[in-house]
Protein chains: 2
Amino acid sequence: MAEATKSTGLRERKKLERRTRLADVAVELFERNGFEKTTIEQIAAAADLAPRTFFSYFATKDDLVLADYTDRLRRILEELDRRPAAEPAWEALRSSFATVADDYEAEESRIRRRFTIMATSPSVAARSLQLQAGWEQALADALTRRLEADPGDPMPRLLAATALAVMRASLQHWLLNIEDGPLPDLVQRSFDQLGVGLSRMR
Amino acid sequence: MAEATKSTGLRERKKLERRTRLADVAVELFERNGFEKTTIEQIAAAADLAPRTFFSYFATKDDLVLADYTDRLRRILEELDRRPAAEPAWEALRSSFATVADDYEAEESRIRRRFTIMATSPSVAARSLQLQAGWEQALADALTRRLEADPGDPMPRLLAATALAVMRASLQHWLLNIEDGPLPDLVQRSFDQLGVGLSRMR
DNA sequence: GTTGCAAAATGCAGTGACTGCAGCTAAACT
DNA sequence: AGTTTAGCTGCAGTCACTGCATTTTGCAAC
């Protein structure tokens, strides 16, 4: 039972607890008063911390809303690694994103709340896209390794960009038209519709 | 000769001149001193305007770098409208983006300069992506009309998102690997590689 | 349990983007 | 010339975010 509980010490535990507490009270305040009208000072006060301390946990106010993005990317990459090497790249991407779609579906309320905030505060939406651009890079790298392609081959990046675009479009559609069925199905269908041409390669 | 010269009056002409002057001196300052280290005060001074006046021309400092984005979107939409209605959507998109690729190619130095600024100042990159998200919406709307699809049909958005992703990936590849040939060719090829599955629909 | 160390929290004093408001200048119209 | 009005300007203020100096606190060695 080496690292089952990763709370190595009190210090680490407190750190994590403070981070989640900040994110929690922040989202609550955002929903009550709006993102723009909530100041960092208020958030820090609600989390019982000094304003200055906020910035050792989050680089920007935007990041507060997108706290789990890092995990999400890791999840995609893990799933991608788990797919058999013989499987065509587009297939592997489809499966990986389907898994993530399951996660989203399971956390619908959280996702929806975030969507609401993004809809009214452009800076958060912008930051979200910027983080996704980082995902694109990471995905492209992973695909380059997977396909054993040249570092200069544009195909991995093209695949990564397209997959992310499909995911984003599906997510948005799902959030706005929930009657069209569960997200994983939507993602599957979208990937398939694009995939006819792609699944052939490798 | 009603609106051949759209300089209706002195007021309009001055307005336009000031706007371009601001953008010009700003880019110059950005290149010399870096984006972050250039203040709005300096820009206004260099353009011989009051700092407060800057904000009646540009909403944010970021927008200064992306001054021409609106035109670019209009261009894409115009080209799309110009394509024959019988042409499959993916084909039409490919042609439209190829035209824009020509524009980019012709303005390589400007594009490259902007790319450099974006690479070092994340907020500009984020803003750029956010504007592109607006393009996605506009493109999706145009495609919905073109395909006479239901307002709820996810396909137009999927097409729009994918096309933009392809364009972005191609552009980035072109900027980093100029030896791989002209941008329009790259765009064409990328569209084709994805298109096998798509060109069938409509 | 006391002592010494390092990480983290805090306080302070800034910088700079951006906003609202109120007054002024100059273009435009009669 | 006289009036209207769009747009420039100055001023005061808010707030995200930063660097630096200081204090607190978990932790480990003794």
Side-chain angles (χ1 to χ4, degrees), chain A residues 5-23 25-27 29-30 33-67 117 120-128 130, chain B residues 5-23 25-27 29-30 33-67 117 120-128 130:
Chain A
T5 55
K6 65 176 166 187
S7 52
T8 320
L10 175 57
R11 207 171 239 167
E12 298 303 311
R13 217 178 320 136
K14 270 197 165 179
K15 215 161 95 176
L16 187 71
E17 195 272 334
R18 276 173 175 155
R19 189 183 159 88
T20 53
R21 184 155 40 121
L22 273 172
V25 301
V27 169
L29 285 173
F30 291 162
N33 308 331
F35 181 81
E36 325 279 357
K37 305 189 89 172
T38 306
T39 69
I40 301 235
E41 199 180 341
Q42 291 167 357
I43 298 171
D48 205 33
L49 291 174
R52 186 63 182 86
T53 309
F54 171 89
F55 293 101
S56 31
Y57 285 94
F58 295 93
T60 70
K61 194 174 147 189
D62 298 327
D63 284 339
L64 221 30
V65 186
L66 311 170
I117 295 177
T120 58
S121 33
S123 68
V124 183
R127 178 77 173 142
S128 163
Q130 194 194 348
Chain B
T5 56
K6 67 175 165 187
S7 53
T8 319
L10 175 56
R11 212 170 236 169
E12 298 301 314
R13 218 178 319 135
K14 271 197 167 180
K15 216 161 94 175
L16 187 70
E17 195 272 335
R18 277 175 174 154
R19 190 182 158 86
T20 53
R21 185 154 40 120
L22 273 173
V25 300
V27 169
L29 285 174
F30 291 161
N33 308 331
F35 181 81
E36 326 278 358
K37 305 189 90 171
T38 306
T39 70
I40 301 229
E41 200 180 340
Q42 291 168 356
I43 299 171
D48 206 32
L49 290 173
R52 186 64 183 85
T53 308
F54 171 87
F55 293 102
S56 33
Y57 285 96
F58 294 94
T60 70
K61 195 173 146 191
D62 298 327
D63 285 337
L64 220 31
V65 185
L66 311 170
I117 295 177
T120 58
S121 32
S123 69
V124 183
R127 178 79 174 140
S128 163
Q130 193 192 349

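Per chain, numbering begins at 1; letters A, B, ... match sequence-line order. Bear in mind the structure is a predicted one, so any value in this text is a computation, not a measurement.
- Note: CD (A:E41) to P (D:dA16) measures 9 Å, nearest angstrom.
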Given protein heavy atoms under 4.0 Å, the one-letter contact record of nucleotides 21-30 of chain D, with B base, S sugar-phosphate only and - none, is simply ----BBS---
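- The separation between B:E17 atom CD and D:dC8 atom C1' is 15 Å, rounded to whole Å.
- Annotation: side chain of B:R21 is in contact with side chain of B:E17 (closest heavy-atom distance under 4.5 Å).
- One atom, CG of A:N33, and another, P of D:dC15, lie 13 Å apart when rounded to the nearest Å.
- The phosphate of C:dT15 has neither OP1 nor OP2 within less than 4.0 Å of any side-chain N or O from B:T39.
- In this structure, the CG atom of B:L22 is 14 Å from the C1' atom of D:dT9, given to the nearest Å.
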Taking distance alone, no hydrogens or angles, what donor-acceptor pairs closer than 3.5 Å link side-chain atoms of residues 43-54 of chain B to residues at least two apart or in another chain?
unit_1	atom_1	unit_2	atom_2	d
B:T53	OG1	B:A50	O	3.4

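- When the side-chain nitrogen and oxygen atoms of A:T53 are compared with OP1 and OP2 of C:dT10, one or more of them lie within a distance under 4.0 Å.
- Rounded to the nearest 0.5 Å, atoms CD (A:Q42) and NZ (A:K37) are 10.5 Å apart.
- With rounding to whole Å, B:K61 atom NZ is found 15 Å from C:dT15 atom P.
- For the 3.5 Å distance criterion, the side chains of A:N33 and A:T38 fail to qualify, holding no donor opposite an acceptor.
- The structure places CZ of B:F30 at 10.0 Å from OG1 of B:T120, a figure rounded to the nearest 0.5 Å.
- A:E36 has its CD atom 13 Å from the P atom of C:dC18, to the nearest Å.
- Going from atom CZ of A:R11 over to atom CG of A:L16 covers 15.5 Å, rounded to the nearest 0.5 Å.
- A straight line from CD1 of A:I40 to P of D:dC17 spans 5 Å, rounded to a whole angstrom.
- The CG atom of B:D62 sits 4.5 Å away from the CZ atom of B:F35 when rounded to the nearest 0.5 Å.
- Side-chain atoms of B:R18 stay outside donor-acceptor range of the base of D:dG7, with no qualifying N/O pair under 3.5 Å.
- Residue contacts for A:S123: at a heavy-atom cut-off of 4.0 Å it reaches no nucleic acid atom on any strand shown.
- OP1 or OP2 of C:dA17 has not a single side-chain nitrogen or oxygen of B:T60 nearer than 4.0 Å.
- One interatomic measurement links the two molecules: NZ of A:K37 to P of D:dC15, which rounds to 11 Å at whole-angstrom precision.
- When the side-chain nitrogen and oxygen atoms of B:Y57 are compared with OP1 and OP2 of D:dG7, none of them lie within a distance under 4.0 Å.
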